[in-house]
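Let me begin by presenting the structure, written as structure tokens, before commenting on it.
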Amino acid sequence: MKSGLKVFDEIPKWNVVAWTNLIAGYVNNDCATEAIRVFKDVESLNVEPNEITLVHVLVTCARSRDLGTGKLVHRCSPTRL
């Protein structure tokens, strides 16, 4: 994750792909708290998450049993999911 964060910090303009990859890195490294924190940061910056972002966050919500954030993700989900 150190290398991933370093790359993320070097990106001149963060977009949904960059944010999603950061969240995925945390999810894949069993860092649920950090993944959820980043997702909430994304929301506060008015970056619209895509389906891939939401899937990663739902995985971490399920693993950590974070029902509140899981409900937030479902509210963000487009109807086609």
Side-chain angles (χ1 to χ4, degrees):
M1 278 308 304
K2 278 186 183 182
S3 297
L5 283 170
K6 194 173 189 176
V7 169
F8 182 81
D9 288 337
E10 296 291 324
I11 296 172
K13 186 172 191 269
W14 297 322
N15 59 22
V16 70
V17 174
W19 286 108
T20 298
N21 280 298
L22 184 59
I23 291 168
Y26 282 128
V27 172
N28 292 331
N29 285 284
D30 296 318
C31 301
T33 303
E34 290 84 354
I36 290 169
R37 179 188 51 78
V38 171
F39 175 68
K40 290 179 178 177
D41 289 346
V42 167
E43 287 240 295
S44 70
L45 294 169
N46 294 319
V47 175
E48 189 171 335
N50 62 25
E51 292 88 353
I52 297 166
T53 312
L54 299 177
V55 167
H56 284 297
V57 177
L58 283 174
V59 166
T60 203
C61 287
R63 287 181 184 168
S64 65
R65 301 186 197 289
D66 185 341
L67 184 60
T69 303
K71 287 180 179 181
L72 173 67
V73 171
H74 279 285
R75 285 193 300 269
C76 295
S77 300
T79 57
R80 63 184 179 274
L81 281 183

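Please read all numbers here as calculations on a predicted model, not as lab measurements.
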- Linking I/L/V/M/F/W/Y whenever their side-chain heavy atoms sit closer than 4.5 Å, directly or via other members, would Ile11 and Val17 fall into one cluster? yes
- Query: Are Ile23 and Leu45 in one and the same hydrophobic cluster, where Ile, Leu, Val, Met, Phe, Trp and Tyr link if side-chain heavy atoms are under 4.5 Å apart?
  - Reply: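 Yes; Leu45 is reachable from Ile23 via cluster members.
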Looking at every non-hydrogen atom in both residues, tell me the closest pair between [X] and [Y] and how far apart they are.
X: Pro49; Y: Val16; value: CA-CG2, 3.9 Å
X: Leu58; Y: Gly70; value: CD2-O, 4.1 Å
X: His56; Y: Val27; value: O-CG2, 3.5 Å

From [X] atom [atom1] to [Y] atom [atom2], the distance as rounded to the nearest 0.5 Å:
X: Thr69; Y: Ile36; atom1: OG1; atom2: CD1; value: 4.5 Å
X: Asn50; Y: Glu48; atom1: CG; atom2: CD; value: 9.0 Å
X: Asn15; Y: Asn21; atom1: CG; atom2: CG; value: 9.0 Å
X: Glu10; Y: Leu5; atom1: CD; atom2: CG; value: 11.5 Å

- Apply side chain to side chain contact (heavy atoms under 4.5 Å, CB included) to Thr33 and list each qualifying residue two or more places apart in sequence or on a separate chain.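 Thr33 satisfies side chain to side chain contact (heavy atoms under 4.5 Å, CB included) with no residue once adjacent residues are dropped.
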- Message: Tell me every residue that passes side chain to side chain contact (heavy atoms under 4.5 Å, CB included) with Arg75, counting only those two or more places apart in sequence or in another chain.
- Response: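 Side chain to side chain contact (heavy atoms under 4.5 Å, CB included) list for Arg75, sorted by chain: Lys71, Leu72.
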- Got a donor-acceptor contact below 3.5 angstrom from the Trp14 side chain to the Phe8 backbone? yes
- Query: Quick check: does any side chain N or O of Asn29 sit under 3.5 Å from a backbone N or O of Cys31, one acting as donor and the other as acceptor?
  - Reply: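 No: the side chain of Asn29 does not pair with the backbone of Cys31.
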- Item | Verdict with supporting geometry, Trp19 and Val38, side-chain contact (heavy atoms from CB on, under 4.5 Å) | CA-CA 8 Å; Trp19 286 108; Val38 171; 3.5 Å; yes
- In sequence, state the C-alpha distance, the side-chain angles, and the governing distance for Phe39 and Thr60, and then conclude on side-chain contact (heavy atoms from CB on, under 4.5 Å). CA-CA 11 Å; Phe39 175 68; Thr60 203; over 6 Å; no
- Message: Using side-chain contact (heavy atoms from CB on, under 4.5 Å), reason through Tyr26 and Leu22 one step at a time and then give a plain yes or no.
- Response: CA-CA 6 Å; Tyr26 282 128; Leu22 184 59; 3.9 Å; yes
- Message: What I want to check is whether the side chains of Ser44 and Asp41 have a donor and an acceptor closer together than 3.5 Å.
- Response: no
- I would like to know whether His74 and Leu54 meet side-chain contact (heavy atoms from CB on, under 4.5 Å); could you show each step before the answer? CA-CA 8 Å; His74 279 285; Leu54 299 177; over 6 Å; no
